[in-house]
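Keep in mind that this is a model prediction, so the values were computed, not measured. Naming convention: chains lettered A, B, ... in sequence-line order (proteins, then strands); numbering from 1 in each chain.
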2 protein chains.
Amino acid sequence: MDTPFRKVGSDKLLSGKIEESIELAIRRKDYKAGEKLPTEGQLCDLFGVSRTVVREALRKLSARGLVVIKQGSGAYVNELSSESAIDSINLFLELTDDGSLIFDIIRARQLFEPEIAGLAALNRTAAELDELAGNLEALKASSMEDIDGQTIIDIRFHSLIASATHNNVVALLMRPIFDNMPKVKRSIYAKNNLGYLTHDKSMVLKFHEDIYEAIKNADPREASHAMLAHLKATEKNFKDSLE
Amino acid sequence: MDTPFRKVGSDKLLSGKIEESIELAIRRKDYKAGEKLPTEGQLCDLFGVSRTVVREALRKLSARGLVVIKQGSGAYVNELSSESAIDSINLFLELTDDGSLIFDIIRARQLFEPEIAGLAALNRTAAELDELAGNLEALKASSMEDIDGQTIIDIRFHSLIASATHNNVVALLMRPIFDNMPKVKRSIYAKNNLGYLTHDKSMVLKFHEDIYEAIKNADPREASHAMLAHLKATEKNFKDSLE
DNA sequence: AATTCATATAACATCATACAACTTAGGGCG
DNA sequence: CGCCCTAAGTTGTATGATGTTATATGAATT
């Protein structure tokens, strides 16, 4: 017989226990990024369980992005990319969207991005400034009809600024917001004609240039102001498109 | 040589394909939260694969928080909580922390929370105001030595304000920041004596009261200002603790 | 009649084995 | 030396058997 009282929260499933155990080893950096974990067979011996259990534990870890499993080779600690974490957030936002997501995104950007632009104006390096300049050129060169292409460039512009804060937390948390920009843009343009779009591209370009100039001049106040103006215009576009 | 172009997203592994297929069904809301998925056996027949494959697919989905598997009962679509998504973010932040995490958190709060407090001042309901008042009382009543308890109350205070923006995106994205507040606080208090703590509690209380008053008065400017003052003080505490 | 209890059935959990598909390393060959 | 090819190792899939847990059914009790 086993213990009469099972500690709460202690995963009773073997695969869960082993998942925890391996996760802990990774968190402790016993196995560092890129390193190979023991083979399935070795893990079976170590934990004294069947291959089924070990495989399911590894599968769970891979689903969470902690490890990658390569057939014929082995299981490796993942060079941690933020993708799986971001994906989780995006999935949650999508599944719990009660219709307010797009507007929440728009308002969240108004809250966060002006401050971000201000900090970026203070912290940006020369190299980051160059990247922003290149991004402006790319937007200029894009064709009017290529909305998706412009959106990608747009996202890149704002992501660059978030990165230029040199604050990993800020850059990471903005990702789900940026990832949803295509959805916002599609919503705005769904009911509008092409003539409107050409106007929009030049408008976006103008705002981006203003923001760029302020960041170039290391002027946080103006960067923040220009960013807010940009996002207010976006909100207006969105509201207009609702009618 | 493998094929030069593999259809993107087409997982070559069976368990991956089936995972995708079930995930898609959930995203399409073919199966809604709480509903029971087909049994392992049924899924085997539907997809024409072995139980091994089906089980591993379900394991991955459960690791990502999309389904919960109950022994003897079945697999159910998870009432989606944000927990697993937040956990992913927190794990990523922990594993990629190069030592700057705590400071990034402190600065990120300074960027975001003043604006959040301002919006909360505009959007808060009377009920939310009551909850904030109750939180202040709880902080007053807490014992000086119970740092962990105070931290929990502190987190609750700031979370309530984020929720009072009535912006789901904002509330969600702030969660990882709040979850890391204990780490920040421990770092600050690690080298300080008890006398300092008593002073700190009264200081935090004062700031919280200022913020509360501004939100109560529906004064976004003042709420934002009071919040920034609070967070600047936190930063000062942190910097002092480094010496 | 309602409740409790025991039992049967269904569903998931684990184990063991076998074979297929893939990777990698090492040896043979030109 | 470099290429190819084989062989061993590792993961992927399939299958069958058995253990554990949940649920429904119906009998027994009050």
Problem set entry | Atom pair distance, as rounded to whole Å: CD in Q71(A) and P in dT10(D) | 14 Å

Exercise. Is there a side-chain polar atom (N or O) of R59(A) under 4.0 Å from OP1 or OP2 of dG12(D)?
Worked result: yes

Exercise. When the distance from CG of L43(A) to C1' of dT11(D) is rounded to whole Å, what number comes out?
Worked result: 12 Å

For this session: Send over the distance from L37(A) CG to dT10(D) P, rounded to a whole Å.
Result: 13 Å

For this session: May I have the distance from I69(A) (atom CD1) to dG12(D) (atom C1'), rounded to whole angstrom?
Result: 10 Å

Problem set entry | Distance below 4.0 Å between R51(B) side-chain N/O and dA14(D) OP1 or OP2 | no

Seminar exercise, completed: Nt span of DNA chain C in reach of chain B heavy atoms at under 4.0 Å, 5' end first, is dA11(C) to dT14(C)

Exercise. Where the side chain of E56(A) meets the backbone of G16(A), is there a donor-acceptor pair that is under 3.5 Å apart?
Worked result: no

For this session: Could you check K70(B) against S15(B) and say which one's nearest nucleotide on DNA chain D is further toward the 5' end?
Result: S15(B)

For this session: Determine whether L172(A) and F92(B) make a side-chain contact, defined as any pair of heavy atoms from C-beta on separated by less than 4.5 Å.
Result: yes

Seminar exercise, completed: Separation of dG12(D) atom P from K60(B) atom NZ, nearest Å, is 9 Å

Exercise. Closer to the 5' end of DNA chain C via nearest nucleotide, is it S50(A) or E40(B)?
Worked result: E40(B)

Problem set entry | d(CZ, R55(A); P, dA14(D)) in whole Å | 11 Å

Problem set entry | R64(B) bridged to E23(B) by N-O distance under 4.0 Å | yes

For this session: Please state how far atom CG in L58(A) lies from atom P in dG12(D), giving the value in whole angstrom units.
Result: 9 Å

Exercise. Is any side-chain heavy atom of N167(A) less than 4.5 Å from a side-chain heavy atom of L111(B)?
Worked result: no

Exercise. Got Y212(A) and L129(A) here, is their nearest side-chain heavy-atom distance under 4.5 Å?
Worked result: yes

Problem set entry | 5' precedence on DNA chain C between V49(A) and G41(B) (nearest-nucleotide basis) | G41(B)

Problem set entry | pair R59(B)-L13(A): side-chain heavy atoms closer than 4.5 Å | yes

For this session: For the residue pair L91(B) and D87(B), establish whether any side-chain heavy-atom pair is separated by less than 4.5 Å.
Result: no

For this session: Just call it for S73(A): base, sugar-phosphate, or nothing, with non-hydrogen atoms closer than 4.0 Å on any strand.
Result: sugar-phosphate

Exercise. Across the strands shown, which category fits T39(B) at heavy-atom distances under 4.0 angstrom: base, sugar-phosphate, nothing?
Worked result: sugar-phosphate

